[in-house]
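Inspection log for the structure reproduced underneath, given as structure tokens.
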Amino acid sequence: QVQLVESGGGLVQAGGSLRLSCAASGRTFSGRAMGWFRQAPGKEREFVAAINWSASNTYYADSVLGRFTISRDNAKNMVYLQMNSLKPEDTAEYYCAARNVGDSSYYSQNYAYWGQGTQVTVSS
């Protein structure tokens with residue numbers, strides 16, 4: 001089992017920044033690809049960003065490309081999502097997820113473990 005705990009969400013004005021953190025515990029972290037997803041009220045969960053086990057590859061949704069940055073620290077069992085130039089449409093519950101393999105994926109069904117989420121609200 002892998003336990004994931006997100007933090008860093010909150011209320012921010014449009015144009016502002018937030019940094020989300022995801023702390024992993026349990027089984028081996030360093031060999032796993034990690035992802036961030038989000039879900040707004042009334043909408044389906046959507047892919048935001050992913051990073052492979054070695055951090056050599058990162059992937060982003062078109063809607064956040066150039067504004068968000070995913071990173072990881074395998075020594076600390078942490079994954080981060082730096083969010084800049086936030087927009088009201090970024091408002092959602094943000095979830096950290098872990099795969100059982102090292103390659104990233106855009107698809108939520110490929111992730112085996114999920115955190116409980118952290119709320120991000122961007123005011124206009």
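This structure is a prediction, so every number in the text was calculated from the model and none was measured. All heavy atoms count here, side chains included; hydrogens, waters and symmetry mates do not.
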Do [X] and [Y] land in one hydrophobic cluster if side-chain heavy atoms of ILVMFWY residues count as linked below 4.5 Å?
X     : Y      : value
Ile51 : Tyr106 : no
Leu81 : Leu65  : yes
Val2  : Tyr94  : yes

Nearest atoms (heavy-atom pairs only) where [X] meets [Y]:
X      : Y      : value
Gln119 : Ala92  : NE2-O, 3.5 Å
Ser30  : Arg72  : O-NH2, 3.9 Å
Tyr113 : Asn100 : CE1-OD1, 3.3 Å
Pro88  : Ser124 : CG-CB, 3.8 Å

Rounded to the nearest 0.5 Å, how far apart are [atom1] of [X] and [atom2] of [Y]?
X      : Y      : atom1 : atom2 : result
Cys96  : Tyr80  : SG    : OH    : 11.5 Å
Trp114 : Tyr95  : CH2   : OH    : 9.0 Å
Tyr111 : Arg99  : OH    : CZ    : 6.5 Å
Leu4   : Gln116 : CG    : CD    : 10.5 Å
Met78  : Met34  : CE    : CE    : 10.0 Å
Glu93  : Glu6   : CD    : CD    : 8.0 Å

Check your understanding: Counting only N and O atoms by type, is there a donor-acceptor contact under 3.5 Å from the side chain of Asn52 to the main-chain atoms of Asn57?
Key -> yes

Practice item. Give a yes or no on whether the backbone of Val122 and the side-chain of Thr91 come within a donor-acceptor separation of less than 3.5 Å. Key: yes

Point to revise | Option passing side-chain contact (heavy atoms from CB on, under 4.5 Å) with Val79 (candidates Asn74, Ile70, Asp73) | key: Ile70

Check your understanding: On the ring face of Tyr60, is Arg67 found with NZ or CZ under 6.0 Å from the centre and within 45° of the axis?
Key -> no

Exercise for review: Please report the C-alpha distance between Gln3 and Val5 in whole Å, then the side-chain angles of each, then the deciding distance to 0.1 Å, and finally whether the side-chain contact (heavy atoms from CB on, under 4.5 Å) criterion is met.
Suggested key: CA-CA 7 Å; Gln3 292 78 42; Val5 179; 5.5 Å; no

Practice item. Please list, chain by chain and in numerical order, all residues satisfying salt bridge (charged side-chain N to carboxylate O under 4.0 Å, His left out) with Arg38, sequence neighbours excluded. Key: Glu46, Asp90

With a 3.5 Å cut-off and sequence neighbours excluded, list the donor-acceptor pairs that the side chains of residues 10-24 form with protein atoms.
| residue | atom | partner | partner atom | Å |
| --- | --- | --- | --- | --- |
| Ser17 | OG | Asn84 | OD1 | 2.9 |

Practice item. Please lay out, stage by stage, how Phe47 and Tyr59 fare under the test side-chain contact (heavy atoms from CB on, under 4.5 Å). Key: CA-CA 10 Å; Phe47 170 77; Tyr59 304 92; 4.1 Å; yes

